[in-house]
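Right, one structure below, let's go through it.
Both ligands and their constituent atoms are indexed starting at 1 by order of listing.
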Amino acid sequence: MKYDFTYYNPTKIYFGKDSLNSLHDELKHYGKNIMLVYGGGSIKKIGLYDEVIKILKEESKTIFEYGGITPNPKYKEMLKGVKILEENNIDLILAVGGGSVIDCAKGMSVSKGYKDPFKSLWLDFEPINENNIVPVGAILTMVGTGSEFNGGSVITDEDRKIKMGRVFPSSVYPKFSILNPTYTYTLSEYQMLSGIFDTFSHLMEQYFSGDDDNTSDYLIEGLMRNLIVDTKKAIENPKDYEVRSNIMWTASLALNTLVGLGKTQDWEVHNIEHQLGAYTDCAHGMGLAAISIPYYKHIYKYGLDKFVRFAKNIWSIDDTNKTKDEVALEGIDALANYIKESKMVTHIKDLGATSDMLKDIAYSTVEGGGYKKVTHEEIYEILKEAF
Ligand code: NZQ
Ligand code: ZN
């Protein structure tokens, strides 16, 4: 492990078919005022809303309900939630939903007392006020982001046209997260696949950087291989409990910061997708799927040995009598086939991007990367390829 690290993840995970029962015990640790945050209504359709309300009432809690958080949660929605927190002395924010709901809840939890928290915390990166944090608990219904197990909060400011994430310290991680794979059965195939590719991308963002031999990359390879096998099975039988539970746990492990320890990371595919999202409001994982192939074709020569390793260890590419370049490209082609065969999105025009947006998206994206730092001009080229 090349770089020193400190690892601490305080989120308590309750995993499995009966995991919602643990909400009773968890609620006993918090005061009376619970803010229940959720999205556009899927939790009502799947019956989870009624179950949660029942438990909250049995524990004699006062419920402050805040529904309607949209995918790619918006700054204005977050501010509305902060107002509820400030006016009602909330003891716990209970986020029930996918990454958007949990991210928005975490965003609210750190924003009490700021005039323009997006600017102060997400753009100017000011330290958070630890004394003002309102604890968050999560019940996960959409798999992919890892938000249930980390300090990330990605917020879209529509006025500034910026979608920006910040990874907050461990005090902001959900105190507990309830993961019941059966809740994910009702996701559309599109959303399921979006989440699967988001997970795959988190693994690649942490893998494609650094050439040192470290445990993290071996862990990542195991998770990637499992995910590829389970993607096919989940498409064939979305209600296969073992498959959906594997996918759920893989997604959580992929971004609870464990598999990125001791090594450098990339994250430029995410930087580009976030700005694509700011302009199109597209499904996050599908944006990543459409950007990944042109991005990796653009940078692979700068990390050639790792792309060869990816081709051989993940896609079982035979390297006999081939150059490193050929093997690396066959690996990227195998990734492209996986995206295509799983019917994930391959062109950003299918996500609402128009050609006149591309330059603005490119020039508003943070320049970064792993093996190579890409410039705005290069991001523009990558977006044109992805179009
Ligand atoms: O709003 P509702 O009605 O709940 O519908 C949602 C939404 O339309 C639906 N859904 C959720 N659970 C369902 C369901 N539909 C049927 N049955 C269920 N059980 O799915 C749709 C998408 O949900 P959303 O929460 O937006 O998806 P996801 O979990 O992919 O979250 C995406 C957001 O997370 C950010 C993304 O940028 C994006 O804003 N990310 C957060 C990260 C983090 N915290 O670490 C890292 C990621 O890289 C990512 O950037
Ligand atoms: Zn992601």
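- Draw a line from the Zn ion (ligand 2) to NE2 of His202 and another to NE2 of His270, and the angle between them is 90° (to 10°).
- In summary, the atoms of ligand 1 found under 4.0 Å from a heavy atom of Asn72, numbered by their order in the structure, are 38 (C), 39 (O).
- Residue, atom and distance of the protein heavy atom nearest to atom 23 (O) of ligand 1 are Met142 CG, 4.1 Å.
- Side-chain contact between Arg160 and Tyr75: present, with at least one pair of heavy atoms (C-beta onward) separated by less than 4.5 Å.
- Remark: Lys17 is positioned above the aromatic ring of Tyr241, its terminal NZ or CZ atom under 6.0 angstrom from the ring centre and at most 45 degrees off the axis.
- A heavy-atom separation below 4.0 Å is found between Gly41 and ligand 1.
- Using 4.0 Å as the threshold, His202 has a heavy atom nearer than that to some atom of ligand 1.
- Remark: aromatic rings of Tyr173 and Phe168 are distant, center separation not under 6.0 Å.
- Asp103 counts as a contact of ligand 1, since one of its heavy atoms falls under 4.0 Å from the ligand.
- Ligand 1 lies out of reach of Ala283, whose nearest heavy atom is not under 4.0 Å from it.
- Assignment of Glu273 to the shell around ligand 1 is not supported, since no heavy atom sits closer than 4.0 Å.
- Nearest protein heavy-atom contact of atom 15 (N) of ligand 1 is Ser42 CB, 3.6 Å.
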